[in-house]
Amino acid sequence: FNEPLLFDQGSKGRVGCTLPECDVPELKPERLLPRKLLRRDIPGFPELSEVEVVRHFTRLSQHNYGVDLGFYPLGSCTMKYNPKINEEVWRLPGFSQAHPYQPQSLIQGALELMYELETFLAEISGMERVSLQPAAGAQGEILGMMLIRAYLESKGSPRKRVLIPDSSHGTNPASAAICGYQCVQIKSGPRGRIEPQAVADMMDEDVAAIMITNPNTLGLFEDQIADIAKIVHAKGGQVYCDGANLNAIIGISRPGDVGVDVLHFNMHKTFAVPHGGGGPGAGPVGLKAHLAPFIPIPVVEKKGKRFVLNEDLPSSIGRVRAFYGNFAALVRAYAYIRSLGPSGLRRVAEVAVLNANYIMNQLKDTYHLPYDKFCKHECVFSDARQLPHGVQTLDIAKRLMDYGFHPPTIYFPLIVRGAMMIEPTETESKETLDQFIAAMKRIAEEAERDPELVRSAPHKTKVSRLDEVKAARQPNLRWKGKAPRLP
Amino acid sequence: FNEPLLFDQGSKGRVGCTLPECDVPELKPERLLPRKLLRRDIPGFPELSEVEVVRHFTRLSQHNYGVDLGFYPLGSCTMKYNPKINEEVWRLPGFSQAHPYQPQSLIQGALELMYELETFLAEISGMERVSLQPAAGAQGEILGMMLIRAYLESKGSPRKRVLIPDSSHGTNPASAAICGYQCVQIKSGPRGRIEPQAVADMMDEDVAAIMITNPNTLGLFEDQIADIAKIVHAKGGQVYCDGANLNAIIGISRPGDVGVDVLHFNMHKTFAVPHGGGGPGAGPVGLKAHLAPFIPIPVVEKKGKRFVLNEDLPSSIGRVRAFYGNFAALVRAYAYIRSLGPSGLRRVAEVAVLNANYIMNQLKDTYHLPYDKFCKHECVFSDARQLPHGVQTLDIAKRLMDYGFHPPTIYFPLIVRGAMMIEPTETESKETLDQFIAAMKRIAEEAERDPELVRSAPHKTKVSRLDEVKAARQPNLRWKGKAPRLP
Amino acid sequence: MQYIPNTEADCREMLDAIGVRSSEELFADIPSKLRLKRGLNLAPPMSETGLRRHMKGLADKNADVEHYSSFLGAGAYNHFIPAAVSHLVFRSEFYTAYTPYQPELSQGTLQAIYEYQTLICQLTGMEVANASMYDGSSALAEAILMAHRINGRLEVVLPLAVHPEYRTVCHTYVSKLGLQLDEVPYTDQGATDLKKVGAAISDRTCAVVIQSPNFFGVLESLDELAETAHKAGALLIVAVAEPVSFGIVRSPGESGADIVVGEGQAFGNHLNFGGPYLGFFASKEAYLRNMPGRLVGQTTDKAGRPGYVLTLATREQHIRREKATSNICTNEGLCALAATVHLSLLGRAGLRELALLNLRKAAYAKEAISALRSCELRFAGPTFNEFVVRVTRGTPAQMNRGLLARRIIGGVELGRFYPELSDCLLICVTEQNSREEIDALCKTMGSGR
Amino acid sequence: MQYIPNTEADCREMLDAIGVRSSEELFADIPSKLRLKRGLNLAPPMSETGLRRHMKGLADKNADVEHYSSFLGAGAYNHFIPAAVSHLVFRSEFYTAYTPYQPELSQGTLQAIYEYQTLICQLTGMEVANASMYDGSSALAEAILMAHRINGRLEVVLPLAVHPEYRTVCHTYVSKLGLQLDEVPYTDQGATDLKKVGAAISDRTCAVVIQSPNFFGVLESLDELAETAHKAGALLIVAVAEPVSFGIVRSPGESGADIVVGEGQAFGNHLNFGGPYLGFFASKEAYLRNMPGRLVGQTTDKAGRPGYVLTLATREQHIRREKATSNICTNEGLCALAATVHLSLLGRAGLRELALLNLRKAAYAKEAISALRSCELRFAGPTFNEFVVRVTRGTPAQMNRGLLARRIIGGVELGRFYPELSDCLLICVTEQNSREEIDALCKTMGSGR
């Protein structure tokens with residue numbers, strides 16, 4: 001059933017909540033503010049009862065697919081199960097109802113948590129300091145590049161260019177650009193990995209850094225990362241690691257041990273913080289000691305038994321957001337780490353990798369696999385075998401919906417034409433993987449037998465394929481209605 | 001998509017939650033209990049991870065329809081909107097985590113709430129005492145009849161018979177029977193109400209009581225209830241009122257003022273406690289002073305500023321359940337009464353009655369209306385006009401599902417052949433009523449134009465009509481699987 | 001009026017459509033003398049903020065087991081409830097639905113109840129289970145009524161070691177139908193005196209009731225009892241108030257029980273100051289048609305797909321009216337759902353582990369307390385997670401006051417129910433009580449005040 | 001391992017299918033020297049019970065606005081959140097979804113964002129709004145970057161009355177691109193000195209930033225500013241940190257703003273010790289293609305039914321990579337949903353009433369405080385729900401300590417951000433502060449310690 005917009009429902013004068021009674025003198029607004037500053041009305045604003053609001057959003061929710069409904073193998077997004085206890089603990093009043101400017105004596109629990117989380121993330125990544133401030137991975141990237149820039153400036157020059165592999169995440173080039181760098185692309189080698197020689201060829205003293213995703217977006221471990229780091233460091237450059245795919249190596253290999261200078265984490269990927277349909281996440285940044293003077297303020301420090309916020313860092317780059325980061329997301333990540341402990345976190349990586357390899361192995365005879373052997377947390381297929389039947393990746397993705405699955409990430413990484421990037425995560429059972437594999441095989445059969453069935457999918461969703469061209473050509477970005485309504 | 005049973009999922013050795021570590025000596029069970037009392041295993045019991053359990057019940061929930069999804073006009077069930085704040089407050093630890101046997105000094109808030117709720121319910125109903133103990137309306141009925149029996153016994157004889165109108169709720173006769181009474185049916189008069197003369201004809205000194213539902217299940221107010229009460233009282237009988245339909249008259253007329261001796265309330269109808277897909281509800285019982293000595297123990301009393309539980313009532317009939325009633329339901333009912341206050345509660349009745357009359361008025365030209373004029377909280381139609389086309393009430397009900405509505409109560413009250421009993425409640429907007437009315441009119445058209453479409457409905461639900469005969473003839477009441485599973 | 005969408009203007013339109021001038025006219029059928037001539041005398045309305053504050057104020061006047069160490073049991077158990085349980089149970093599709101009269105829109109509720117019925121059968125070792133009863137006590141009373149429907153006899157053996165409030169409920173429920181309840185004492189083991197039971201049984205005996213673990217926490221010997229009862233043509237009704245024991249204790253079904261009932265609160269339901277709780281009810285298949293309450297069965301739809309419906313409704317009051325097996329209509333569906341979710345999470349291994357943890361913790365406490373000079377164990381029989389302690393210095397009330405001063409809620413004072421045990425406390429230990437808490441309990445109990 | 005379904009046996013089967021002996025073999029591509037040779041040095045795993053207890057222990061070491069009276073604002077506001085908000089936002093279909101890349105499975109999220117964009121346009125008086133930014137401060141920084149993309153100029157006027165942390169964020173964000181931020185002082189009204197702004201503007205000016213209500217709670221005069229900026233070819237960027245003011249204060253759009261950004265936390269989002277919050281971002285339609293962040297648009301499906309999609313992605317980094325309008329990928333979708341739900345509940349009348357209530361309560365407090373001998377109002381300009389108090393007896397820190405002794409969290413000590421205001425407190429009053437609380441605040445402030 002179609003659900004009308006909020007603005008097309010309701011009736012004049014309805015309200016959906018009660019406010020406390022006014023227990024102070026009820027002066028007219030004209031007595032309190034200059035008349036020219038006053039607003040009369042907000043035409044078109046909703047007028048609904050609580051009942052209507054609850055039904056509206058309950059129905060909308062049923063038009064959505066989440067991890068709690070089923071398999072969500074979006075590659076590179078690590079859509080793992082979000083533990084319910086974590087959703088309970090972050091809402092404790094001491095966390096969710098604390099004001100950021102409370103006196104430090106009244107926020108000792110929050111500071112302790114942040115202090116410990118920094119320690120945990122440093123240990124997990126092999127980095128020396130961690131800033132918890134960035135609100136998302138992409139903001140972590142900006143912060144990381146800013147730190148590198150500040151460090152290089154302190155050495156005399158910020159330099160000009162940043163090296164970015166063609167298998168990098170989409171946000172990497174944009175992040176470097178915001179920090180004033182030009183991006184230079186490095187081609188992956190035939191093994192789907194960066195070749196040290198390619199880096200050596202590009203590396204000079206105008207290059208500020210290389211941004212590496214490891215494991216990369218082909219799901220492969222950059223096994224020469226240590227050599228690459230040496231090459232970059234030799235010319236005074238820095239190594240930035242996009243940690244979006246940390247889930248594959250947690251407890252097994254630490255970026256800090258293999259030459260990485262800066263790394264961002266995605267709390268909403270590796271550490272089971274729910275993604276919220278597009279955030280909020282959190283993207284802490286780990287760094288080596290030489291970058292520590294530039295870390296954003298404030299930092300949490302321990303003085304004896306007390307925790308304090310220190311803003312007195314003269315070389316700090318400043319802040320990337322107000323206050324201290326997406327604290328409620330940090331609470332969940334902290335709880336997750338405490339639940340699993342060292343052995344549990346390592347088991348996460350082992351099973352995540354096993355699950356991905358199982359899918360890769362079971363589907364490699366059905367779909368074209370551009371890079372073979374073993375993968376880490378995700379595997380990448382292409383539509384090369386289906387294209388001759390006129391069925392492409394988009395069609396396969398849409399058809400998966402009819403089988404009850406969320407599609408994988410598609411057309412990414414760009415270096416694989418028609419890529420399907422499948423990341424199962426460790427929270428999926430073998431049975432679910434088997435069902436997904438069976439569906440993928442059936443779709444491959446359908447592509448041969450009845451390609452139109454696949455091309456016209458999805459057939460079971462609330463809406464069929466949407467006209468994205470129309471959306472972009474004639475942008476309709478808000479309800480315009482007929483404001484003001486009838487009196 | 002079909003969701004397999006819990007027992008057909010999972011894999012040997014999976015667990016869905018962690019238990020605290022054992023911090024006491026881990027003695028073998030054989031050392032703690034006699035071997036013959038020990039259990040080895042529970043074959044077939046679920047073995048699932050948290051992920052699987054969460055997905056299972058999330059999916060099942062989407063196979064359900066609730067008030068939060070739409071209109072649910074089940075007559076006599078008063079499916080009104082359940083305020084979300086009430087769901088929040090009952091879960092406060094002081095309510096939800098209090099043990100019933102805590103010392104009285106540690107339960108003063110709970111006792112105060114119960115004491116006040118008793119006062120509120122007495123004021124609303126015009127009764128003199130209220131027992132909060134019954135867990136549901138039907139248990140309230142049992143308790144009410146037990147009180148009457150105990151009172152009559154104290155006067156010399158419990159008597160033998162109970163008069164029950166043909167428009168009464170289904171549970172009334174069963175409740176009277178459990179208390180050892182024979183039931184005698186009274187026919188409604190042509191106005192859909194009980195005629196005093198019919199009662200006078202049946203009334204003698206073997207009749208213990210009359211059980212009246214007011215407003216009755218035709219949605220009509222028993223306007224002669226005061227005269228009927230006089231007739232019954234004159235012969236020493238008692239008047240029991242089924243208060244399931246109190247929503248229609250709250251703040252307007254009080255059963256206690258019109259001759260009722262005992263009345264049960266349904267907290268999950270009138271007082272917005274959610275029904276939970278079949279409970280828990282709560283069914284407090286209001287009573288007049290002469291029945292008070294027989295009230296179940298314990299009762300809450302106020303001594304100075306303190307509240308106490310009193311168990312010392314020598315004539316009490318005892319208890320109908322352990323502890324004090326469905327307390328968490330009582331908390332919600334209390335919160336609801338405090339939210340609305342006197343004017344809000346009266347408005348509930350006014351709008352509930354207006355909504356029902358609006359539907360009755362708008363549909364009376366389309367569907368047969370056995371009893372005309374104004375109704376109270378619900379209206380009753382029949383399928384008399386559709387039957388000639390081979391479409392009956394059941395078909396109309398099922399077809400409503402295709403329009404996104406829950407069907408009304410059907411084939412009840414029994415005195416209307418093919419009854420459709422529609423109770424909109426006050427929490428529905430005019431727009432929703434208009435949509436429902438439009439759907440009902442379309443179905444009436446369909447019944448003429450394309451009766452098979454209606455007869456084969458529903459078409460849009462997860463399952464089509466289910467074989468209820470098979471279910472009853474070959475009862476399959478549990479999973480039997482192949483226990484024990486493979487090792 | 002956030003819960004009443006229709007505004008004055010909406011109402012006006014509807015009144016016009018109906019053709020009346022005011023909503024007053026719609027109440028014209030209520031004679032003036034039957035009207036309330038004044039407003040209700042209730043507190044004025046509260047805003048949501050005000051209500052939240054007020055309710056928090058009331059709640060804060062209570063203690064709760066989150067803020068105190070508690071050793072109370074006696075039919076209401078403080079067990080850990082995983083966060084996933086309330087997350088799922090409070091999905092509004094479940095809790096804002098009615099009894100599943102229309103199966104096509106209620107497959108979620110119905111399948112969950114079918115699963116619940118299966119779990120109850122597995123736990124109790126019985127063949128059929130219903131969709132829930134109000135609580136353990138009323139389930140027991142209904143079990144007696146059911147036994148009476150089966151064999152028509154009028155005498156029931158009801159041991160004193162059955163929960164005292166359950167016994168009161170049974171008396172209240174069955175006395176109107178002429179049934180007679182015969183009490184039987186307990187031994188120094190804290191178990192029901194089986195000899196006395198044997199002596200009380202005759203060919204007039206309808207049923208023998210037994211609770212295990214009983215009110216004193218002691219596990220009863222069911223096998224002999226089943227034999228004795230069956231020999232006399234009576235039914236054995238077993239009540240279980242602490243169902244976590246099912247994880248480690250042999251099921252009543254294996255011992256020959258005919259009807260097994262009890263309190264399911266321990267699975268997924270909060271203490272809630274005594275309610276709502278969850279009566280479970282299971283029996284042998286032979287007695288199915290005498291069973292009270294709702295039943296969900298599996299069937300198929302017109303397309304042959306599996307589906308679930310309420311079934312065997314011919315036993316129920318809306319078909320048989322006064323001949324119904326019971327008058328139960330609304331039951332405790334959401335509590336049953338909570339139990340189903342919790343049991344699914346615990347699972348085969350988890351339930352056993354949980355039961356074992358309770359057993360071990362209680363054993364640890366029992367041993368520590370038996371070593372104190374101020375107390376002794378009152379009974380010698382095997383117990384699960386509760387046991388009775390006799391206070392030898394001072395009174396139980398004094399001991400509890402001393403504990404309370406240390407934010408420990410001690411045991412239930414048994415004098416309240418058994419005058420002969422007025423020097424005793426009933427102590428319950430669950431997985432929620434850490435060793436630290438148990439040590440603090442013992443230390444304070446041992447300190448003599 | 002309740003979150004990892006596969007057991008050892010399941011893993012064994014999968015390894016066999018893959019044809020390797022152990023999961024170790026799957027990591028063969030990680031050279032031994034790049035391996036961690038030891039276990040991670042972290043605390044051992046905790047059970048769910050243990051975790052809950054531990055987290056509660058940490059939370060209890062913090063104060064919260066439920067247990068204290070708080071008068072803190074300064075960019076983070078304590079407003080009442082109706083229970084329906086979290087009930088809806090924590091439906092798992094919403095919070096366990098990813099960014100809606102596949103619209104057919106994401107219509108719920110997408111329609112809600114479309115509604116959110118509409119609400120933001122209505123509130124700000126602007127023509128287009130995006131799907132959310134990280135918070136108010138980064139939204140402001142992005143607004144400056146956007147203005148730079150539009151007119152290519154490099155100088156930005158940034159008044160001192162803008163939130164100090166927002167200013168720091170702007171500096172951090174824009175300095176790498178050669179933009180220059182010129183600070184402008186405030187007057188004794190507490191408003192930005194418009195003459196000085198005028199003097200600072202030239203044909204090199206990219207944008208003029210203004211916050212209203214500003215950091216001191218004072219409402220700025222936007223109309224003149226818009227005129228001055230536009231005359232010089234510069235854009236006017238208006239930041240709003242307390243959006244409840246939209247209910248009663250004229251919208252920036254009406255005053256001629258080009259870009260309006262701000263902090264939406266006040267709508268439906270908890271204080272959360274500073275995050276996650278909700279950056280909102282709106283502009284004139286003419287600048288649409290320079291806007292950062294995600295956008296949702298309405299379109300139709302193949303059957304002509306309306307539906308929603310992420311659109312205008314050509315501005316974004318996965319298409320344009322380093323030429324993208326910003327690098328934002330994950331934003332604050334769930335916070336935007338909470339705001340949408342809260343605003344729907346408040347509605348047209350409720351938002352106005354809420355704003356008025358804040359205005360009146362703050363005015364009441366302002367008047368009471370101005371009557372004290374120990375304090376005076378520092379600025380004379382009109383304010384919404386915050387205002388600056390100069391402490392004339394003792395220090396702000398002393399005054400706050402005195403308040404804290406009565407469980408009142410006083411105002412923000414402004415010396416932290418403005419050395420010249422080190423004798424001042426910034427006091428915020430919302431609908432959450434009862435008159436009683438305000439009276440207690442004033443009484444304690446007046447008691448001289």
Side-chain angles (χ1 to χ4, degrees), chain A residues 15-17 23-24 45 53 57 60-61 63-68 89 92-94 96-100 106 108-109 135-136 138 170-171 173-175 177 179-180 183 274 276-281 318-319 322-323 326-328 341-342 350 358 361 429-430 461 463-464 466-467 471 476 478-479, chain D residues 5 10 14 18 23 39-40 44-45 55 58-59 61-64 66 72 82 88 91-93 95-97 99 104-105 107-109 118 134 137 165 168 172 176 270 272-276 297-299 301-302 307 311 317-318 321-322 324 327 329-334 344-345 348 350 364 435:
Chain A
V15 284
C17 61
D23 54 3
V24 298
F45 218 64
V53 173
F57 291 100
L60 285 191
S61 77
H63 302 160
N64 243 34
Y65 187 96
V67 169
D68 277 13
V89 296
L92 289 167
S96 65
Q97 313 252 46
H99 191 285
L106 302 186
Q108 286 296 304
T171 48
S175 302
C179 294
C183 300
R319 298 172 171 275
F323 313 120
N326 278 352
F327 179 74
E350 286 171 357
Y358 182 67
N361 182 276
S429 66
K430 176 173 179 295
T461 50
V463 290
S464 56
L466 290 153
D467 189 343
N476 171 350
R478 67 182 170 97
W479 177 87
Chain D
D10 296 325
M14 292 163 70
I18 297 168
S23 81
L40 289 170
M55 297 303 284
L58 281 174
K61 290 186 196 169
N62 300 324
D64 60 75
E66 241 183 46
L72 295 173
L88 292 166
R91 287 194 49 90
S92 61
E93 294 92 332
Y95 80 81
T96 73
T99 303
E104 297 87 350
L105 293 182
Q107 286 298 301
T109 294
T118 303
Y134 302 134
S137 69
E165 296 197 6
T168 309
T172 305
K176 314 297 174 286
H270 289 288
N272 287 337
F273 192 56
Q298 196 186 51
T299 183
D301 75 354
K302 290 202 291 184
T311 192
Q317 69 288 338
H318 48 283
R321 298 180 73 97
E322 75 262 29
N327 82 333
C329 186
T330 287
N331 49 28
E332 310 288 291
L334 205 68
S344 308
L345 289 167
R348 197 172 186 169
Y364 173 80
R435 181 179 187 149

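Values below: every heavy atom of this structure, side chains too, minus hydrogens, waters and symmetry copies. Quick note on labels: first sequence line is chain A, next is B, and so on, each numbered from 1. No experiment lies behind these values; they were computed from the predicted model shown.
For chain A, the nearby parts of T96(D) are the backbone and the side chain; heavy atoms of each come within less than 4.5 Å. For Y364(D), the part lying near chain A is the side chain, with the backbone staying farther off; criterion is any non-hydrogen pair under 4.5 Å. If you measure heavy-atom distances from P82(D) to chain A, the contacts under 4.5 Å come from the side chain alone. In this structure, the portion of V89(A) lying under 4.5 Å from any heavy atom of chain D is its side chain and not its backbone. S137(D) touches chain A through its side chain: at least one heavy atom from C-beta onward sits under 4.5 Å away, while N, CA, C and O do not. Proximity to chain D (any heavy atom under 4.5 Å) is restricted, for N361(A), to the side chain, taken from C-beta onward.
Note: A322(A) leads A322(A), S175(A), C179(A) in heavy-atom pairs under 4.5 Å with chain D. When the candidates A98(A), G180(A), A177(A) are compared by the number of heavy-atom contacts under 4.5 Å with chain D, A98(A) comes out ahead. No other option in A471(A), S429(A), G277(A) has as many heavy-atom pairs under 4.5 Å with chain D as G277(A). Ranked by heavy-atom pairs under 4.5 Å with chain D, the list T461(A), V15(A), L92(A), D467(A) is led by D467(A). With respect to chain A, the highest number of heavy-atom pairs below 4.5 Å among D301(D), N331(D), T330(D) belongs to D301(D). Here A63(D) is the residue among G350(D), S92(D), A63(D) with the most heavy-atom pairs under 4.5 Å with chain A. Counting heavy-atom pairs closer than 4.5 Å to chain A, the top-ranked of the candidates P276(D), G333(D), P5(D) is P276(D). Per-residue counts of heavy-atom pairs under 4.5 Å with chain D were compared for G341(A), P280(A), G281(A), G66(A); the largest is that of P280(A). Taking L334(D), T99(D), L105(D) one by one and counting their heavy-atom pairs under 4.5 Å with chain A, the maximum is reached by L105(D).
For N64(A), the side chain to side chain donor-acceptor pair (under 3.5 Å) partners two or more places apart in sequence, or in a different chain, are T109(D). T168(D) meets the side chain to side chain donor-acceptor pair (under 3.5 Å) test with no other residue; sequence neighbours excluded.
With 3.5 Å as the limit, one finds no donor-acceptor pair spanning the side chains of N272(D) and S96(A). In this model, no donor atom of one side chain and acceptor atom of the other lie less than 3.5 Å apart for R478(A) and T118(D).
Atoms OG1 and CD, from T172(D) and E165(D) in turn, are 11.0 Å apart once rounded to the nearest 0.5 Å. Atom-to-atom distance recorded for R435(D):CZ and D23(A):CG is 6.5 Å, nearest 0.5 angstrom.
A 4.5 Å side-chain heavy-atom check between K430(A) and Y358(A) finds at least one atom pair inside the cut-off. Within the 4.5 Å cutoff, side-chain heavy atoms of L466(A) are placed close to those of Q107(D). Between E332(D) and N326(A), some side-chain heavy-atom pair lies under the 4.5 Å cut-off.
Taking every heavy atom of both residues into account, A136(A) and Y134(D) meet most closely at CB-CE2, 3.5 Å.
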